[in-house]
Chemist: 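Quick one: the structure is below, and I'll ask about it shortly.
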Amino acid sequence: MAKKVRMAVFASGSGSNFAALEAACRAGDLSAEIALLVTDQPDAYVTERAQQAGIPVAAFRPREFDTKSAYEQAVLKALQEAQVEWLLLAGYMRLIGPDLLQAYPEKIINIHPSLLPSFPGKDAIGQAVAAGVKVTGVTVHLVDEGMDTGPILAQQAVDVIDGDVEKTATAIHEVEHGLYVRTLQDVLKK
Ligand code: GRF
């Protein structure tokens with residue numbers, strides 16, 4: 001059997017994408033394993049999900065570090081100890097800095113709830129509804145130093161439902177879970 005790729009998921013919130021990735025690994029739909037959850041919000045629900053799934057958690061409070069670089073060096077140490085090869089951002093509410101970018105060139109992937117380059121940054125679904133667009137969507141992309149700016153790997157459109165953020169968010173999350181897994185299947189084949 002081919003060796004499984006070791007991935008870390010970075011998340012700050014509920015972790016529904018974490019759960020989808022974890023389930024895909026467990027089901028053998030991805031020839032990968034989640035070696036580590038990295039979170040900058042130790043009390044976030046994603047931490048509980050990881051513990052329930054038996055996945056090691058590296059939880060940090062970035063405020064406790066003097067600089068962003070010191071924080072990322074601590075994260076890097078945890079990643080190296082866990083022999084992580086790929087970083088998957090899934091609702092990680094922080095820009096990746098030079099320390100992690102240099103350590104994982106072209107090996108960091110993010111999922112964002114809009115059709116980039118439209119609506120980057122926070123509250124992308126709210127931004128789309130406020131703009132009155134009828135179609136938004138999901139983007140999976142490689143991470144660079146910008147905010148939601150790296151090369152696009154995959155996109156899928158999702159209709160805005162009744163101009164309603166919550167209904168649209170539900171539809172978007174469903175699409176995210178499938179698209180993240182399918183994109184990783186493609187990336188890992190290469
Ligand atoms: C997702 O919409 C993702 O695209 C965005 O943050 C949200 C995280 O949701 N970057 P969850 O924590 O995976 O449920």
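The structure presented is a predicted model; accordingly, all values stated were derived computationally and were not measured. Atoms within a ligand are numbered from 1 in the order they appear, just like the ligands themselves. Residue numbers count from 1 along this sequence. Basis for what follows: all heavy atoms, side chains included, without hydrogens, waters or symmetry-related copies.
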Chemist: Taking ring-ring contact (aromatic ring centres under 6.0 Å, His included) as the test, write out the residues that go with Tyr45, two or more places apart.
Modeler: none
Chemist: If you measure from OG1 on Thr183 to CG on Leu153, what distance do you get to the nearest 0.5 Å?
Modeler: 6.5 Å
Chemist: Around ligand 1, what residues show up once you keep those with a heavy atom under 4.0 Å from it?
Modeler: Ser14, Gly15, Ser16, Asn17, Gly91, Ile111, His112, Pro113, His173, Glu176
Chemist: Do you know which of Leu79, Ile96, Asn110 makes side-chain contact (heavy atoms from CB on, under 4.5 Å) with Leu87?
Modeler: Leu79
Chemist: Please list all pairs meeting ring-ring contact (aromatic ring centres under 6.0 Å, His included) that have one or both residues in residues 88-108, counting only residues at least two apart or in different chains.
Modeler: Phe10-Tyr92
Chemist: Assess Arg63 against Tyr71: is NZ or CZ under 6.0 Å from the centre of the six-membered ring, and within 45 degrees of the ring's axis?
Modeler: no
Chemist: Enumerate the residue pairs fulfilling side chain to side chain donor-acceptor pair (under 3.5 Å) with a member in residues 9-22, sequence neighbours excluded, ordered by first and then second residue.
Modeler: Ser12-Asp40, Ser14-Arg49, Ser16-His177, Asn17-Glu176, Glu22-Arg26
